[in-house]
Amino acid sequence: MIDHFALSQAFGLLFASFEPWLWVIPGLLIGLIFGSIPGLQISMAMAVFLPVTFGMDFLQAMLFLTAIFTGGAYGGGVTAILMNIPGSSSSIATAFDGYPMARQGKHNEALGLGLAASVVGAFVGYVLLLLLINPLAALVLKVGPMEMVVVVLWGLTLIATLNDSSLSKGLLAGFFGLMLSQIGMSTTGVMRTSVGNPHLLDGISVVPAMIGIFAASELLRLRGSAYLVQDEAQRDIAFSRILRGVGETFRYPGVLVRGSLIGAVIGAIPGVGSSVANLVSYGEARRTSRTPEIFGKGAPEGVIAAESANSSSEGGSMTALLALGIPGGAATAVLLAAFSFHNIVGGPSFIRNQTDVVYSIILGNLGQVLLLAVIGLLMLRVLGMVVRVPLAYLVPSVLAMCAWGGYGITGTVAGPLTVAAFAALGWLMRCNDYPVAATVIGLLLGRMMEGELVRTLQISNGQPLNYLFERPMALALFVFMLMVLVGAPLLKALRRRKLQQAGR
């Protein structure tokens, strides 16, 4: 599977001089900073700094841009843990348990868990890419809309598990999100529920909505508190406790490996990526856990599952770019632009004719992951200081940042207005014990699901069930999903019943 001669040449390209590595550390820092600021997407950071790569050679440019990609993937998880603000849609599930841990004074441990899971996940993703780039490329070519429908449907099943007190409230919140996703122009060109507002022609912008419903609504709820962490003794940023969280990650090897594999596979599917991967990984961690009742209340497994899948999806998303020349998302689209700037076209001919360059990019990304472990540990002491800032100063400054982030995404006043509207909606939902995460998942995945369903119906001539049996991969995914959703709870119930009988 590996061309050993090309691999040795790749080592030569990377380590013959320090030039390819000069921009890696700045790239990681840029990614961490952009990823941790609400509304500033990783792809935005990469696009802003794309002109800097004009004077670089191709390998140096790729290492710089992918370093921003790597740093940003973890940066979004930092604010999700500390302030319940997912830095991007791929960090939504990180907030489910990371933020409750921070509120309990376990922010150091949660940050350590997130860093270790991110490093391991990204490392696994790139190792799989190195070993399996050609088979994965062939697999990606076989993925059609029917397969993507099953994957997105799998992500939507998480909605039903997001409210322990009332299943009906979780389902209602998720259904409301699905309804919101239908605002604007449909994939078939039909205008729906825009009420004559031109800002709604393209539907509700997901990132400003997510910022409002997660971050701004939580800050409104906390307005009577003094600090994020009430106990003064627990506000310290302790390096030893961060390291304890790093060590605790490896107490859950099954969650770590499963999350990394889920992220790598789903991340390779163009148009799905890390947003679905971390939700599916979190849902599977909860379903297979012996203590699912602690999820959403500060379960370490939840943080590990979400962050490992989020980061391993990086390697998966690079599969389509390198092997097929197809960007899997906004970030890899910027990388594709960097390809064109240097007169290089990704795809089978690129792998065949410049295998050494492909390997050097992948090996460089593995090196970036190891550097992230060091830089992340050093930066966490600075980023974690937010728990020591009084809420009287933190709330207005973060709310202003949220509004600015909303404007940065849309470029119009519709962004801040969306943040404000969803902040009020999120506050009302929290007051009445409705899970805001279920609404965000519905909004995030609803339009994606609709587009893939429409394409499936067009290809199948209106007979999706017959078409399902013609697609072995889709059928296998569907059967596996049913086995996981139905089989795992049944096995746990049987195991619980046997333990009860043994106790008698």
Side-chain angles (χ1 to χ4, degrees), residues 31-38 42 71-121 210-211 214-215 218-219 222 227-231 234-239 241-249 252 255-256 259 274 278-279 281-282 285 294-311 372-373 375-389 391 394 398 401-402 436-437 440:
L32 279 168
I33 292 167
F34 268 73
S36 59
I37 297 176
I42 303 169
Y74 176 61
V78 172
T79 49
I81 290 169
L82 293 177
M83 292 185 289
N84 202 29
I85 306 175
S88 66
S89 58
S90 59
S91 301
I92 290 174
T94 306
F96 295 168
D97 285 285
Y99 183 67
M101 287 185 73
R103 292 286 287 162
Q104 295 163 18
K106 298 178 181 178
H107 48 279
N108 293 288
E109 290 83 352
L111 290 170
L113 286 166
L115 178 61
S118 290
V119 169
V120 172
M210 183 182 69
I211 291 171
F214 268 119
E218 179 65 15
L219 292 171
L222 292 175
Y227 291 89
L228 279 171
V229 177
Q230 295 301 317
D231 189 348
Q234 294 183 326
R235 289 185 208 134
D236 291 335
I237 308 303
F239 195 71
R241 291 177 62 189
I242 292 174
L243 288 177
R244 192 186 308 159
V246 170
E248 189 178 357
T249 305
Y252 306 95
V255 176
L256 190 59
S274 53
N278 86 324
L279 292 172
S281 177
Y282 181 87
I294 68 170
F295 277 71
K297 301 172 185 175
E301 301 103 304
V303 178
I304 294 167
E307 281 298 291
S308 59
N310 174 18
S311 296
L372 174 65
I375 293 171
L377 280 173
L378 297 175
M379 287 291 290
L380 285 181
R381 288 188 62 84
V382 178
L383 296 173
M385 295 294 288
V386 70
V387 298
R388 303 181 70 175
V389 179
L391 286 176
L394 187 66
V398 175
M401 194 182 297
C402 290
V436 296
V440 173

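Heavy-atom basis, side chains included; hydrogens, waters and symmetry copies ignored. Positions are given from 1 along the sequence. Note that the structure is predicted; figures quoted are calculated from it, not measured.
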With distance as the sole test, does E109 use its side chain to make a donor-acceptor pair with the main-chain N or O of M101 at under 3.5 Å?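 No; zero donor-acceptor contacts below 3.5 Å.
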Using only atom types and a distance under 3.5 Å, with no angle test, would you say the side chain of N108 pairs donor to acceptor with the backbone of I242?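 No; judged by distance alone, with no hydrogens or angles, the pair does not exist.
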If you compare all heavy atoms of [X] against all heavy atoms of [Y], which two are closest, and at what distance to 0.1 Å?
X	Y	value
G98	A110	O-CB, 4.2 Å
E248	P300	OE2-CG, 3.6 Å
I81	V303	CD1-CG1, 4.4 Å
S281	G259	OG-CA, 3.3 Å

Atom [atom1] in [X], atom [atom2] in [Y]: separation rounded to 0.5 Å?
X	Y	atom1	atom2	answer
T94	Y99	OG1	OH	15.0 Å
T249	I304	OG1	CD1	4.5 Å
S308	L113	OG	CG	11.0 Å
S91	Y74	OG	OH	10.5 Å
R241	H107	CZ	NE2	6.0 Å
L111	E307	CG	CD	10.0 Å

Using side chain to side chain contact (heavy atoms under 4.5 Å, CB included), reason through L243 and L377 one step at a time and then give a plain yes or no. CA-CA 9 Å; L243 288 177; L377 280 173; 4.2 Å; yes
Let me see the working for E301 and D97 under side chain to side chain contact (heavy atoms under 4.5 Å, CB included), right down to the final yes or no. CA-CA 9 Å; E301 301 103 304; D97 285 285; over 6 Å; no
Just to verify, what does A285 make a side chain to side chain contact (heavy atoms under 4.5 Å, CB included) with, not counting sequence neighbours?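 Listed in chain order: V255, R258, F295, A305.
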